Structures are given as C-alpha cells and as structure tokens.
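Below is one structure; the comments refer to it alone.
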Amino acid sequence: MSLADGQQGQQNGVASAASAPFESEVLGDANFTLLYNGTWVLQAYQGVGCPFSDKLQTIWPAIVQEGHVANDTIRFASLDAQQHRAATTVLEVKVFPTIKLIQNGSVFTYRGNLTKAAILDFIAKGYRDLRWYNRLPTTYSLLNKLQLEAYFAVQAIEMYIAKAICRFVNHTPLFCKE
C-alpha cells in the first residue's frame, strides 16, 4: 500500500490502520540496540534549544501514523540526544534533528527538508536513490563522542550567554523567550 493509497482510503471513509493510534518507540542508552533488528525510522532530536527539532516534533506523530499506514513493517523511534548521549554517539548523529532509516544494518540518513511529505517520500522510496550509506556500528568512536560532548558544551555556553543578554536588555530581542 502506498502513502497515497492510505490517504485515499481515509478520504473515502474506508476503515484503515490510520484510525488506530501508532506510537513511536522511545529509545535511550539502554534499549537503542532494538534498531539492530527490523526496519526502523529514527528521529534523533535535541530536547531543548533547537527550533528545528521543535518543528520536527510537531509533525512526527503524523509521520508515524502515515508511515504505518503505508508500510506496517516499519517501526518508528525517537531519541532525545541530550538525554541519551551514548546511543546518539553510536548512531553517529551529527546534526539536529536527524532522521535515519535503518534496514538490515544499513543506515540511510535523510538530508532533505523538514516537511511531512518529503520525509514520507524518503521513507517510502527516497532512500533507494542514495548512493552512500553506512553500516550500523556496534560501538561508538571516540571522535564521535568528543564531537558530541563538545557540541553540547558549546551550546550550554551559548544558552547561558543568550539568557544573560535577555536579562540585560530586559527581554526585547526576538530570541528571548520565557
């Protein structure tokens, strides 16, 4: 069944899998090895301070629902990179948010727009057009771990400076949010 077929079935009032709520598996450092079996679509997001991750979080439930309608063998997972750094490092997440399709140990990383249609297209067939993919590693590299820790350290300093600026100028810049 294609994504379009699933959407058409819903419009015609035909009972479909979309009427049942599907949920994304919540992954962490203790259970990320679930990704080694089956076909998964993973979103790795930054829990705090990333507007792009926030945008993906708003459309992710719809992606999960429509993705299940199109192919019920694909499982979906979410990983909060700030909370689960070991899993994030093993999965070689380098930007936020990151979407990866993991199939039989092959990892295809999405590099498109953060729109529901583009992501669903990638899940359905877009990853087949990718010429490059990597294998799911069994352990993390020290370089990836150091990069991730440095990223979060720099981000913490940036957030501290931004909050200080907001306090100093009495919350007038656009980036000052409560």
Side-chain angles (χ1 to χ4, degrees), residues 21-35 40-68 74-102 107-123 126-127 130 132-178:
F22 294 104
E23 297 199 9
S24 183
E25 183 87 29
V26 177
L27 295 183
D29 292 338
N31 69 341
F32 74 91
T33 55
L34 290 170
L35 298 174
W40 290 83
V41 176
L42 168 75
Q43 70 148 336
Y45 63 94
Q46 187 174 335
V48 176
C50 177
F52 303 106
S53 290
D54 293 343
K55 178 181 178 185
L56 180 59
Q57 291 299 99
T58 62
I59 61 172
W60 188 249
I63 291 169
V64 171
Q65 295 301 314
E66 292 184 33
H68 272 291
I74 295 177
R75 297 174 68 187
F76 291 81
S78 297
L79 174 69
D80 184 338
Q82 286 177 312
Q83 299 286 327
H84 305 286
R85 294 184 186 182
T88 303
T89 303
V90 170
L91 295 166
E92 300 176 343
V93 174
K94 305 220 185 308
V95 297
F96 298 103
T98 293
I99 298 172
K100 293 181 180 266
L101 186 135
I102 302 167
V107 180
F108 303 91
T109 303
Y110 177 69
R111 302 210 186 280
N113 293 325
L114 287 179
T115 64
K116 183 175 73 166
I119 294 167
L120 288 170
D121 186 56
F122 168 75
I123 294 167
Y127 71 94
L130 296 177
W132 187 86
Y133 64 91
N134 62 330
R135 300 295 294 170
L136 190 60
T138 55
T139 186
Y140 65 83
S141 75
L142 184 57
L143 178 60
N144 283 345
K145 179 154 180 55
L146 291 173
Q147 286 175 330
L148 184 67
E149 292 301 328
Y151 170 81
F152 283 124
V154 168
Q155 187 204 28
I157 292 168
E158 288 174 346
M159 290 179 74
Y160 176 79
I161 292 170
K163 287 179 183 178
I165 290 170
C166 289
R167 283 192 302 270
F168 181 74
V169 297
N170 201 20
H171 301 350
T172 53
L174 293 176
F175 61 84
C176 296
K177 291 192 266 182
E178 290 296 323

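Keep in mind that what you see is a predicted model, and the values were worked out from it rather than measured.
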Practice prompt. Quick one: pull up CG in L56 and NZ in K116 and give me the separation to the nearest 0.5 Å.
Written response: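 Separation between the atoms: 13.0 Å.
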Worksheet item: In Å, rounded to the nearest 0.5 Å, how long is the span from CG of L120 to OG1 of T115?
Response: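 The distance works out to 8.5 Å.
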Worksheet item: Picking from I119, I102, L101, what satisfies side chain to side chain contact (heavy atoms under 4.5 Å, CB included) with V41?
Response: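 Option passing the side chain to side chain contact (heavy atoms under 4.5 Å, CB included) with V41: L101.
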Do you know which two heavy atoms are closest between [X] and [Y], and how far apart they sit?
X	Y	answer
S78	Q43	OG-NE2, 2.9 Å
P97	L114	CG-CD1, 3.9 Å
K100	V93	CE-CG2, 4.3 Å

Is there a side-chain contact between [X] and [Y], using heavy atoms and a 4.5 Å cut-off?
X	Y	answer
E25	N31	yes
L34	W40	yes
Y45	C50	no
L148	R85	yes
I63	I99	no
F32	V90	yes

Partner set under side-chain hydrogen bond (donor to acceptor under 3.5 Å, both in side chains) for [X], not counting sequence neighbours:
X	result
K55	none
Q155	Q46, Q82
R75	none

Practice prompt. Please work out whether the ring planes of W60 and F76 are parallel, tilted or perpendicular, with thresholds of 30° and 60°.
Written response: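 Rings of W60 and F76: perpendicular, as their planes differ by over 60°.
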